Number of protein chains: 2
Amino acid sequence: MPQPSAPRKTRGRPPRFSREEVVATARRIVDEDGVDRLTMRRLATEVGSTPMALYHHVRNKEELLLLLLDDHAARTLRRPELPAHPRERIIVAAAAIHEALAACPWIVEVLTADDLMSASALWFVEQIVDGLVECGLTPERAVHGYRAVWYYTAGEIVVRATAARRRADADDADADAYADRATYRERVFADLDPDELPRLARIADDWAPLTAEDTYLDGLRALVDGLLVSR
Amino acid sequence: MPQPSAPRKTRGRPPRFSREEVVATARRIVDEDGVDRLTMRRLATEVGSTPMALYHHVRNKEELLLLLLDDHAARTLRRPELPAHPRERIIVAAAAIHEALAACPWIVEVLTADDLMSASALWFVEQIVDGLVECGLTPERAVHGYRAVWYYTAGEIVVRATAARRRADADDADADAYADRATYRERVFADLDPDELPRLARIADDWAPLTAEDTYLDGLRALVDGLLVSR
DNA sequence: ACCTGAACACCGTTCAAGT
DNA sequence: ACCTGAACACCGTTCAAGT
């Protein structure tokens with residue numbers, strides 16, 4: 001959540017540019033040329049300054065990227081009309097997040113395998129498609145079902161790998177920036193407004209252990225069950 | 001699929017090291033110190049040579065990473081005993097891929113949000129958890145259900161973004177390496193053995209258009225349906 | 001055919017100094 | 001308090017030359 005700029009002391013040299021300007025310029029660069037082209041040096045020149053001046057406004061590039069993500073979420077996420085039925089509510093809410101993320105693919109612009117991670121995996125793909133067909137799906141629906149399974153699987157891996165990496169980095173004494181980030185969720189959960197977000201507030205203390213559990217297979221079974229229900 | 005090294009012409013200076021040695025050394029570096037520490041310079045010194053000698057064995061670093069992934073898949077994916085029931089077969093096959101990928105998280109060692117992409121998203125998380133509880137799940141199961149939805153969603157985004165990026169790069173005339181990679185799947189699908197992989201062989205021609213379709217919502221509905229079935 | 005050394009065109013970040 | 005210039009310790013890759 002972007003803090004409204006802290007109460008500025010009036011002493012000392014006045015800033016030539018603000019953190020907001022830095023983030024806005026960074027956003028423009030990313031929108032125009034992609035996240036790869038966002039370098040501290042280019043950002044500095046586009047903001048009319050030198051690389052090191054940026055480090056007075058952001059701790060490092062990692063923090064800049066987090067600010068950029070937050071900025072994007074704040075300006076993109078729109079609360080949709082909620083259907084009365086809870087099941088539809090789930091769909092609508094998830095689809096809204098999905099839509100927002102889809103609008104800024106640079107977040108995950110990285111090496112992740114497409115549907116085919118390697119020829120060695122084809123046999124496994126065959127088993128999945130075949131199983132779905134044997135369960136009564138058309139071949140077309142079976143391919144789509146496989147894709148869903150792959151999405152779910154890839155997502156689980158990415159999320160877990162990232163979480164693990166952060167934990168490892170947080171344990172690293174020198175990496176203070178990471179330690180700050182690791183506690184970010186804790187701070188947010190501690191400040192939850194029980195009136196606005198009652199479910200999350202009630203479960204806040206259990207969130208970390210619950211999400212640390214390995215529930216990949218549960219979710220996978222649910223997804224497959226769901227795919228097999230004729231609709 | 002790694003070609004067995006092409007028939008070597010006996011003329012000319014004999015190689016000091018092989019492509020296999022390069023990949024094996026790269027694998028060791030990645031296993032020991034993570035993918036970030038794999039640089040062409042370090043790889044060169046560990047292989048007892050100079051950076052530029054590597055470029056005689058691999059086109060560039062991107063190709064090296066692909067070789068590494070292929071190498072990993074070839075040595076990690078083991079075909080499990082298949083249960084008779086097709087639904088269980090799906091689970092087992094997918095879990096096997098999952099297990100293989102989980103063993104090399106460096107593949108996706110990148111910036112991807114954990115479960116909390118931003119404080120702005122909390123409201124959406126609340127809607128999902130609340131909807132699941134209203135549908136009869138315990139709060140604990142609801143949190144796990146939300147995680148499943150998040151995994152699926154993050155995976156869809158990552159996979160689609162990567163595919164889109166590759167398509168964009170392939171259109172770039174200068175980026176021949178990417179163009180080669182874009183046709184990799186086509187070559188594999190053209191060579192499918194209908195006896196070994198009958199489903200895939202039969203659907204090969206439709207694979208590209210089918211997987212280009214946006215089926216995010218279908219899969220999401222299936223996953224949610226499945227999560228709501230009491231098991 | 002295979003390998004080398006030097007160089008190019010970059011990075012993020014630190015340090016010491018300036019206003 | 002805020003900004004600068006120079007430098008450090010790197011990158012991946014190209015080029016021209018050597019054996």
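Being a predicted model, the structure only gives us computed values, none of them experimental. A note on names: the letters A, B, ... follow the listed sequences, proteins ahead of strands, and every chain is numbered from 1.
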Distance, rounded to the nearest Å, where Asn60(A) contributes CG and dT13(C) contributes P: 5 Å

Arg147(B) and Tyr151(B): side chain donor to acceptor below 3.5 Å: yes

Produce the list of close N/O pairs, under 3.5 Å, pairing protein atoms with atoms of nucleotides 9-11 of chain C; give distances to one decimal.
{"unit_1": "dC11(C)", "atom_1": "N4", "unit_2": "Arg41(A)", "atom_2": "NH2", "d": "3.4"}

Donor-acceptor pair, side chain of Tyr152(A) and main chain of Tyr216(A), under 3.5 angstrom: yes

Residues that Pro51(A) engages under side-chain contact (heavy atoms from CB on, under 4.5 Å), provided they are two or more places apart: Arg41(A), Ala44(A)

Atom P, compared across dA9(D) and dC10(C): separation rounded to whole Å: 22 Å

Approximate separation, where rounding is to 0.5 Å, of Leu67(B) CG and Asp71(B) CG: 8.5 Å

Heavy-atom donor-acceptor pair, His57(A) side chain to Val23(A) backbone, under 3.5 Å: no

Spacing between Asp36(B) atom CG and dG12(D) atom P, to the nearest angstrom: 11 Å

Rounded distance in Å - CD (Glu62(A)) to C1' (dG12(C)): 12 Å

Write out a two-atom table: protein N or O, nucleotide N or O from nucleotides 14-16 of chain D, distance below 3.5 Å.
none

d(CG, Leu54(B); C1', dG5(C)) in whole Å: 15 Å

Residue pair Val22(A) / His56(A), side-chain heavy-atom distance below 4.5 Å: no

Any Thr50(A) side-chain nitrogen or oxygen under 4.0 Å from OP1 or OP2 of dG5(D): no

Range-with-range stems for DNA chain C, at least three Watson-Crick or G-U pairs under 3.5 Å: C:4-8 with D:12-16, C:12-16 with D:4-8

All pairs passing salt bridge (Lys or Arg N to Asp or Glu O under 4.0 Å) where residues 42-53 of chain B contributes a residue, at least two apart: Arg28(B)-Glu46(B), Asp33(B)-Arg42(B), Arg42(B)-Glu46(B)

Donor-acceptor pair, side chain of Thr215(B) and main chain of Asp218(B), under 3.5 angstrom: no

Asn60(B) side chain vs Glu63(B) backbone, donor-acceptor pair below 3.5 Å: yes

Main-chain N/O of Ser18(B) paired to Glu21(B) side chain as donor or acceptor, under 3.5 Å: yes

Spacing of Phe17(A) atom CZ relative to dT4(D) atom C1', expressed in whole Å: 11 Å

Whole-Å distance separating the NE2 atom of His56(A) from the C1' atom of dG18(C): 14 Å

Whole angstrom value for the distance that separates P of dC2(C) from CZ of Arg19(B): 13 Å

All side-chain contact (heavy atoms from CB on, under 4.5 Å) counterparts of Asp206(A), not counting sequence neighbours: Ile203(A), Leu210(A)

